[in-house]
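Inspection log for the structure reproduced underneath, given as structure tokens.
The figures that follow rest on heavy atoms only: side chains count, while hydrogens, waters and symmetry mates do not.
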Number of protein chains: 2
Amino acid sequence: MTEKKVRRTRQSVNREVLESRILRSAEIVFASKGFSGASMERIAEISKISKQNLIYYFPNKDLLYKRVLKEILDIWIEKLSFIELNGNTPQDIIGNYVREKMRISRLHPNGSKVFAHEIISGAPVLKSYLVSHLKPQFDRDVDVVKSWINKGLIDDIDPEHLFFTIWAATQTYADFSVQMEVLLGKKSLEEDDYERAELAVTDFVMRALGAKKNI
Amino acid sequence: MTEKKVRRTRQSVNREVLESRILRSAEIVFASKGFSGASMERIAEISKISKQNLIYYFPNKDLLYKRVLKEILDIWIEKLSFIELNGNTPQDIIGNYVREKMRISRLHPNGSKVFAHEIISGAPVLKSYLVSHLKPQFDRDVDVVKSWINKGLIDDIDPEHLFFTIWAATQTYADFSVQMEVLLGKKSLEEDDYERAELAVTDFVMRALGAKKNI
DNA sequence: TTTATTGCTGACCGTAAAGACAACTTTATA
DNA sequence: TATAAAGTTGTCTTTACGGTCAGCAATAAA
């Protein structure tokens with residue numbers, strides 16, 4: 001175990017605390033305004049530090065933005081490694097995938113929104129990441145689904161668009177939550193709303209895969 | 001036929017042409033930057049007029065933004081009146097609904113993106129519209145679906161979340177097109193991609209409703 | 001043809017925002 | 001404890017942007 005010699009002084013601890021506080025604030029502001037609309041001043045304000053101090057920790061807005069994006073991508077990578085998901089049947093695996101994605105929408109709505117803004121804006125920052133990281137993983141996952149189809153474990157559905165639909169249907173609970181709140185007549189989405197949503201979405205996806213559970 | 005006395009002079013025609021050119025440009029910029037990130041200067045540039053002239057036609061950014069939003073909402077209202085959609089069976093009606101929504105994603109991706117930015121940002125401008133217009137329509141449409149369920153015409157699914165999923169799954173082809181282009185390895189989504197997408201999504205939705213087609 | 005209306009432009013203003021910089025304070029290390 | 005490093009703040013500069021305004025140009029109406 002090669003221990004990195006990072007002295008855990010009072011300062012370094014504070015630094016970590018403050019940095020994550022800043023990142024949380026930045027996430028909020030980027031989620032609500034996108035990159036260009038977000039201001040360092042506002043992020044500093046929410047972090048309860050001065051703008052100059054914010055700049056001390058994150059020398060410029062680009063860098064801060066990239067860190068926020070990196071945070072949410074790390075979570076996705078960690079939680080959504082499709083192949084490594086538990087489950088014996090395709091239904092289990094995809095079910096867990098959907099549930100995990102719903103969980104992320106619930107727990108990290110702001111990160112999700114930042115990502116959405118970025119992609120809708122044409123992915124100026126993330127495009128290269130999509131090519132280098134997401135596409136290879138996507139290709140692998142699509143192949144897995146194809147093999148399931150070939151083995152007759154699930155119905156003959158369109159694998160690529162299955163993923164697109166799953167992503168959209170789960171992500172929407174983070175990105176479009178305001179719309180849902182209005183339509184469901186609630187001030188904010190609560191635990192039970194997410195439970196219903198999860199049930200509904202997993203149900204839809206299971207039906208898409210075909211009722212092969214009992215073979 | 002009460003004809004409005006709008007003189008169709010050379011000026012008034014030009015005005016209309018120019019206004020719609022501006023709206024198209026504005027849509028592009030708002031789609032790619034959101035409200036706060038968009039600049040009047042840039043919109044003017046794309047419209048190939050001076051900033052001052054742009055301001056002559058649309059005295060301020062708010063107003064222009066609202067007009068762009070209104071344009072896409074009008075299209076949605078016109079094309080997506082759920083109840084008035086043709087079709088005899090629930091499957092027909094919902095199928096047409098999905099196909100119409102896919103069509104809009106293909107034909108008006110920028111409007112769709114502007115809307116997405118707006119909702120993700122917390123719907124600062126559209127919230128009241130959602131309450132006054134969208135919710136009543138939503139409630140009616142949900143009731144229709146419930147009645148179909150009660151009559152046994154479709155399976156017992158969650159009507160509210162069915163709509164959320166349909167919206168998400170169709171809208172994503174406008175909003176997240178960049179991501180799909182990367183994942184599908186294409187420079188841009190073409191006619192046949194949208195066809196495949198439409199087939200896939202309608203298939204998923206039909207499966208969600210239950211295979212009651214042949215009763 | 002004259003007059004009124006509409007369209008358009010250049011110069012300008014105020015504000016907000018990113019970020020540079022120097023000075024000062026607090027904390028850590030030798 | 002003395003010195004170095006890290007953290008913090010106030011001041012300032014530059015730039016981008018939304019918007020005003022006065023005046024000129026083109027077109028329509030009388």
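Relative to the six-membered ring of B/Phe35, B/Lys61 meets both conditions, a distance below 6.0 Å and an angle of at most 45° to the axis.
One finds a salt bridge joining B/Asp74 and B/Lys70 here, because a Lys/Arg side-chain nitrogen approaches an Asp/Glu carboxylate oxygen to under 4.0 Å.
In this structure, B/Leu63 atom CG and D/dG18 atom C1' are separated by 14 Å, rounded to whole Å.
In the displayed structure, A/Arg15 atom CZ is contacted under 6.0 Å by more than 12 heavy atoms of other residues, nucleotides or ligands.
Taking all atoms of both residues into account, the shortest heavy-atom contact from B/Ser36 to A/Lys33 is OG-CD, 4.0 Å.
The phosphate of D/dT9 has OP1 or OP2 within less than 4.0 Å of a side-chain N or O from A/Asn53. Contact between the side-chain N/O atoms of A/Arg15 and the OP1/OP2 oxygens of D/dG7 is found at a separation under 4.0 Å.
Residues B/Gln171 and B/Ser105 bring no donor and acceptor atom of their side chains to less than 3.5 Å of each other. No side-chain donor from either of A/Tyr173 and A/Glu198 sits under 3.5 Å from a side-chain acceptor of the other.
Taking a 4.0 Å limit (strictly below) on heavy-atom distances, residues 20-52 of chain A reaches DNA chain D at A/Ser50, A/Gln52. For DNA chain D, the neighbouring residues in residues 54-61 of chain B, judged by any heavy atom under 4.0 Å, are B/Ile55, B/Asn60, B/Lys61.
Among the heavy atoms of the strands, none lies under 4.0 Å from A/Leu64.
Annotation: side chain of A/Leu184 is in contact with side chain of B/Glu160 (closest heavy-atom distance under 4.5 Å). A 4.5 Å side-chain heavy-atom check between A/Trp148 and A/Ile93 finds at least one atom pair inside the cut-off.
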